[in-house]
Visitor: 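Take a look at the following structure, please.
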Amino acid sequence: VITYNTLVKAYGNEGKVKEAWDLFLEMKRNDCVPDMYTYNSLLQALLKTENVKEACNLVREMQQMGHTPNVIIYNSILSGLGKLGHIDAAWKLFEEMRTSCKPTVCTYNCLIDIFHKGGQLGVAFKIFEEMKQAGCTPDVYTYSSLITGLQKAGQLDEAHSLFRDMQVVGCLPNVVTYNSLIHGYCKAGKIEEAQKLFQEMSQSNCPPNQITYNYLFDVLMKEGQLERASELLKGAWKGAT
RNA sequence: UCCUACCA
């Protein structure tokens with residue numbers, strides 16, 4: 001079964017839903033009982049193709065097989081719904097799962113992500129508070145999502161203070177966190193700030209990635225700082241080798 | 001063996 005699960009997941013990641021599905025049928029034919037992992041991988045594949053209907057059917061099928069969807073399954077569906085912009089469906093699902101199982105950090109992170117992308121930053125922060133009260137410690141994902149949200153809303157100061165807060169509570173920022181902040185500064189045309197962060201991340205154990213360079217390169221070009229842009233490219237080359 | 005975040 002584990003072998004099958006791994007394969008199904010691999011197909012799913014390639015967007016080969018059809019193959020994944022065939023494999024699923026095949027394992028049933030061979031008297032292999034698909035477990036949570038199998039269902040989950042398949043679910044993800046379906047959600048990737050925006051096939052919410054099929055995904056729901058699958059969940060129903062597994063319930064009939066006597067499997068109770070676990071948190072992880074819920075989480076997958078949540079993020080799937082969120083990506084499709086079905087915010088209220090996602091919220092309803094959350095309420096439902098709250099009654100049957102314990103949400104994880106991932107659950108909250110998905111929700112926060114969904115809401116800030118839907119322009120409901122206020123709601124995102126409410127969830128943030130709620131998860132802390134529920135005894136869930138926000139992690140890097142949580143903070144990065146929120147910072148991205150603030151940054152998109154032009155709330156740079158807020159974003160930056162959140163960035164400080166997370167370090168105070170002992171949560172180390174990673175590349176994504178830095179990138180989000182840098183993105184904010186770039187949009188505001190604050191090259192100096194952005195570059196300061198960039199240096200900071202090189203000094204911590206946080207190697208800048210492609211996205212980091214994209215942001216920085218972009219601003220420098222916009223500001224006509226060709227010199228610095230080419231320096232940046234040199235740095236990127238060195239970092240990549 | 002399963003779930004979540006940053007540009008295009």
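All chains are named by letter (A, B, ...) in the order of the sequence lines, taking the proteins before the strands, and each is independently numbered beginning at 1.
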Visitor: Do any N or O atoms from the side chain of A:Ser204 and from the backbone of A:Cys206 form a donor-acceptor pair under 3.5 angstrom?
Guide: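 No; judged by distance alone, with no hydrogens or angles, the pair does not exist.
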Visitor: Does the distance from a Lys or Arg side-chain N to an Asp or Glu carboxylate O, for A:Lys152 and A:Glu158, drop under 4.0 Å?
Guide: no
Visitor: What side-chain donor-acceptor pairs closer than 3.5 Å can you find for residues 6-28 of chain A, not counting sequence neighbours?
Guide:
residue, atom, partner, partner atom, Å
A:Thr6, OG1, A:Ile2, O, 2.7
A:Glu26, OE2, A:Tyr4, OH, 3.2
A:Lys28, NZ, A:Glu61, OE2, 3.0

Visitor: I'd like to check the ring pair (Phe, Tyr, Trp, His ring centres under 6.0 Å) partners of A:His86; sequence neighbours left out, ordered by chain and number.
Guide: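 Once residues adjacent in sequence are excluded, A:His86 has no partner under the ring pair (Phe, Tyr, Trp, His ring centres under 6.0 Å) criterion.
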Visitor: State which residues pass side-chain contact (heavy atoms from CB on, under 4.5 Å) with A:Lys117; sequence neighbours excluded, sorted by chain then number.
Guide: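 Listed in chain order: A:Asp113.
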Visitor: Heavy-atom contacts under 4.0 Å between residues 184-200 of chain A and RNA chain B, which residues?
Guide: none
Visitor: Report the relative orientation of the aromatic rings in A:His183 and A:Tyr215; use parallel for angles under 30°, tilted for 30 to 60°, perpendicular for over 60°.
Guide: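 Judged by the thresholds at 30° and 60°, the geometry between A:His183 and A:Tyr215 is parallel.
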Visitor: Which residue pairs pass the salt bridge (charged side-chain N to carboxylate O under 4.0 Å, His left out) test with at least one member in residues 201-229 of chain A, sequence neighbours excluded?
Guide: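 As it turns out, the salt bridge (charged side-chain N to carboxylate O under 4.0 Å, His left out) pairs with a partner in residues 201-229 of chain A, which skip direct neighbours, are A:Glu192-A:Arg228, A:Asp218-A:Lys222.
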Visitor: Quick one: what's the B/S/- string for nucleotides 1-6 of chain B, heavy-atom cutoff under 4.0 Å, read 5' to 3'?
Guide: BBBBBB
